[in-house]
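Please read these numbers as outputs of a predicted model, since none were measured by experiment. FYI, side chains are in, hydrogens and waters are out, and symmetry mates aren't considered; it's all heavy atoms of this structure. Order of listing sets the numbers, starting from 1, for every ligand and every atom in it.
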Amino acid sequence: MKASQFLFATLKETPSDADIVSSQLMVRAGLIRKIASGLYIWLPMGLRVLQKVERIVREEMQNVGAQEVLMPMTQPAELWQTTGRFDDYGPELLRFKDRHDRDFVLGPTHEEVITNLAQGELRSYKQLPITFFQIQGKFRDEIRPRFGVMRAREFTMKDAYSFHVDQVSLAKTYHDMYEAYTRIFTRLGLDFRAVQADTGSIGGFASHEFHVLADSGEDDIAFSDSSDYAANVELAESISFNMAERQPPKQEREDVLTEGMTTCKMVAEHLDIPLANTVKTLIVHGHKEDGTPQLIAVVLRGDHQLNTIKAEKIEEANVPLTLASDEELKAAGLHKGYIGVDLDMPVFVDRSAATLSDFVTGANKVNKHTIGMNWARDASITRIVDVRNVQEGDPSPDGKGTLKIKRGIEVGHIFQLGDKYSQAMNATVSGEDGKPVTMMMGCYGIGVSRIIAAAIEQNNDENGIMWPQTPTVEDSIAPFEVAIIPMKSKEETVMQTATALYEELKAQGVNVLLDDRNERPGVKFADLELIGIPHRIVVSDRNLAEGKFEYVNRRESEKQMLSREEVIAKVC
Ligand code: ATP
Ligand code: MG
Ligand code: MG
Ligand code: MG
């Protein structure tokens, strides 16, 4: 690319409304322009970066056998009404009407559309498992759009959805996706951690987030300093925020927490399991006759080890705290109880249970008239975690080391959804025995545009952007890998030599920019540093006389005088 024919939209001044270093640099380097709160144009320079990220994400999705689709951003409201999310989703969902007065939404995510597709297209268990993905614009009417493309209202997401005949198959694809995400963020050269999105999320149902570590991150991540343990510390404030309009008075909420904690302690004591002082959730499930799991109750601040304990174990323990009897469960419309973990489902808190049996059946009473249920249901809370006591230096939850807390930027999130959507939308296939089976689902998101801001948060200096150092040069996300700068000269040989080098590198597949703009060298150097071009080659008649080129790496301050062969070897 010749710079004279390319939109260089660099700015000297930092825009007053760009709030963190990445958003400032992205605007100054001419990658993006804001047109309204949370809405950005990707300029040619920025789009090159976005497309490079997309390429890596797409490759890794294809590697795990996901098939690419493209769904409309505009979605009919009926689909969202079927799952109940038209009312539940809250003000982030942009709802609007067409000229015929029909309701639509702008997609913040695509579970409804893809489940509708699966419901229509998939017939037999033989077609499963199957995974679809897309790379596409999402709209979320964020209450506080900020940090540039990091928290935008319209942004690019890779979202994938998998369909399965059973939980075992879902767990396998989930594992493959976890590995694919690890490869993506490794290839991108990011310093990241995969964390449990909810510490209870082990066993049959799970959720992990991928965080790029940076002080500007909006999430707190709790790590163990001596094991692999890592979890998102969800803030108590974010819970009350989610609860939006109908949250109970503060006093009542405290009661719910205290009550939950007491019940947890009770369970833990009876089973002789230590109650860790960290983010914990104990959730009680039942399942229906056909085996589909159903959440019954949740207790706050339990010990995550409890999650793996099955009903038998509790019965074995032979304590007053027993499971609800089959009759009791049946009366509540449920069968067999077990303790496990699920996410993204309504949660119930029974505040009056003295025994687990009461607790389980009580959850249904709660359902009708107590604040506990209202609290949970109106908020459609997906996770409740009381974290107010988690702090640096606490013992770790897995018994190894102490906790450290760091800030993270959520760049990816994978989820085992279970049958929440497939059940609501009647997405079944015929099973091996010919009977209909409700499909199990997983969903997997990556904030493609957010990744770029996160990469810059981790890689910058006072002169501008430094793109991440990727394991291979092919995966570099710099808009251009090499810039060649012909120094103004009366001699035509400078321009000729620079152009010949440019053509040669181009022919070798190098992403090279010839900075032939009519600007002073100082301006060009400043621009190229701001944009973060990894390699800079200066061609001048003085150096040419000695057969040399001046080479500077963006991450090093020293200039090197290299021969033509040496300079080519440096950048290829
Ligand atoms: P956050 O906690 O930051 O609001 P989320 O949990 O709501 O994100 P998901 O529903 O998990 O987001 O969506 C998948 C991915 O999309 C996120 O991991 C994140 O990288 C990205 N993402 C979410 N919201 C935005 C946004 N407003 N702007 C840019 N990227 C976003
Ligand atoms: Mg969000
Ligand atoms: Mg999140
Ligand atoms: Mg998320």
Side-chain angles (χ1 to χ4, degrees), residues 19-20 22-23 26 32 34 36-40 42 46 50 53-54 57 61 85 89-94 106-112 133-161 177-178 181 184-185 188 190 192-198 201 206-214 216-221 231-235 237-239 241-242 244 343-344 379-383 385 387 407-417 421 442-457:
D19 38 19
I20 51 171
S22 58
S23 61
M26 287 182 77
I32 55 168
K34 180 170 167 177
S37 172
L39 300 176
Y40 291 86
W42 287 85
L50 190 71
V53 177
E54 285 181 10
V57 171
M61 284 300 104
R85 288 211 293 183
Y89 204 87
E92 263 184 37
L93 181 68
L94 185 66
L106 269 195
T109 176
H110 280 72
E111 281 82 6
E112 277 81 358
F133 80 99
Q134 64 174 349
I135 298 178
Q136 189 236 24
K138 295 277 182 281
F139 188 90
R140 294 183 183 181
D141 204 353
E142 298 277 356
I143 186 164
R144 254 185 98 193
R146 56 180 180 161
F147 302 163
V149 297
M150 191 114 92
R151 185 165 299 284
R153 292 198 294 168
E154 189 171 327
F155 58 96
T156 305
M157 197 201 284
K158 184 285 299 176
D159 46 329
Y161 307 88
M177 280 288 180
Y178 184 102
Y181 274 45
I184 288 169
F185 298 118
L188 286 165
L190 298 169
F192 73 98
R193 287 294 283 259
V195 308
Q196 296 175 33
D198 177 280
S201 51
S207 171
H208 284 87
E209 288 169 354
F210 289 76
H211 284 263
V212 164
L213 303 179
S216 54
E218 294 181 275
D219 287 79
D220 277 320
I221 307 302
N232 189 336
V233 176
E234 297 273 2
L235 295 173
E237 302 92 76
S238 70
I239 295 166
F241 167 67
N242 276 343
L343 298 166
D344 207 24
S380 34
I381 287 175
T382 52
R383 287 159 284 171
V385 199
V387 295
R407 306 290 283 174
I409 300 168
E410 183 190 323
V411 288
H413 196 168
I414 57 174
F415 238 100
Q416 295 191 22
L417 288 174
Y421 297 93
C443 77
Y444 318 89
I446 287 189
V448 174
S449 45
R450 180 181 283 185
I451 282 175
I452 295 159
I456 296 172
E457 284 296 313

Applying side chain to side chain contact (heavy atoms under 4.5 Å, CB included) to Q134 and not counting sequence neighbours gives V69, L70, M71, H110, Q136, K138, D159
Interatomic distance, CD1@I32 vs OG@S23, rounded to 0.5 Å, equals 7.0 Å
Does an N or O from M150, backbone or side chain, lie closer than 3.5 Å to an N or O of ligand 1? yes
Of all the N, O or S atoms in E410, the one nearest to the Mg ion (ligand 3) is OE1
Given 3.5 Å as the limit, does a donor-acceptor pair link the side chain of E209 with the main chain of V195, or not?
no
For T109, state whether at least one heavy atom is located under 4.0 Å from any atom of ligand 1. no
Criterion side-chain contact (heavy atoms from CB on, under 4.5 Å) on R153 and L94, from CA distance to verdict:
CA-CA 10 Å; R153 292 198 294 168; L94 185 66; over 6 Å; no
d(M157 CE, H413 NE2) to nearest 0.5 Å is 11.0 Å
Under 4.0 Å between heavy atoms, the region of R450 that gets near ligand 1 turns out to be side chain
- Report yes or no: does D159 have a heavy atom closer than 4.0 Å to ligand 1? no
Between S22 and the options I409, I456, I452, V149, the side chain to side chain contact (heavy atoms under 4.5 Å, CB included) test singles out I456
Checking heavy atoms under 4.0 Å, the part of I451 that sits near ligand 1 is neither
Within 4.0 Å of some non-hydrogen atom of G412, the atoms of ligand 1 are 18 (O)
The side chain to side chain contact (heavy atoms under 4.5 Å, CB included) partners of S449 (sequence neighbours excluded) come to W42, L50, F155, T156
A student checking ligand 1 against R140 at a 4.0 Å heavy-atom cut-off should list atoms 5 (P), 7 (O), 9 (P), 10 (O), 12 (O), 13 (O), 23 (C), 24 (N)
Requested in this report: Go through the steps to decide whether R144 and E218 satisfy the test salt bridge (charged side-chain N to carboxylate O under 4.0 Å, His left out), and finish with yes or no.
Outcome: CA-CA 12 Å; R144 254 185 98 193; E218 294 181 275; over 6 Å; no
In ligand 1, the atoms that come under 4.0 Å of a heavy atom of E142 are 24 (N), 26 (C), 27 (N)
- Message: Heavy-atom contact check, 4.0 Å cutoff: does S449 meet ligand 1?
- Response: no
Counting from 1 in the order shown, the ligand 1 atoms closer than 4.0 Å to a non-hydrogen atom of H413 are 11 (O)
Counting from 1 in the order shown, the ligand 1 atoms closer than 4.0 Å to a non-hydrogen atom of A152 are 26 (C), 27 (N), 28 (N)
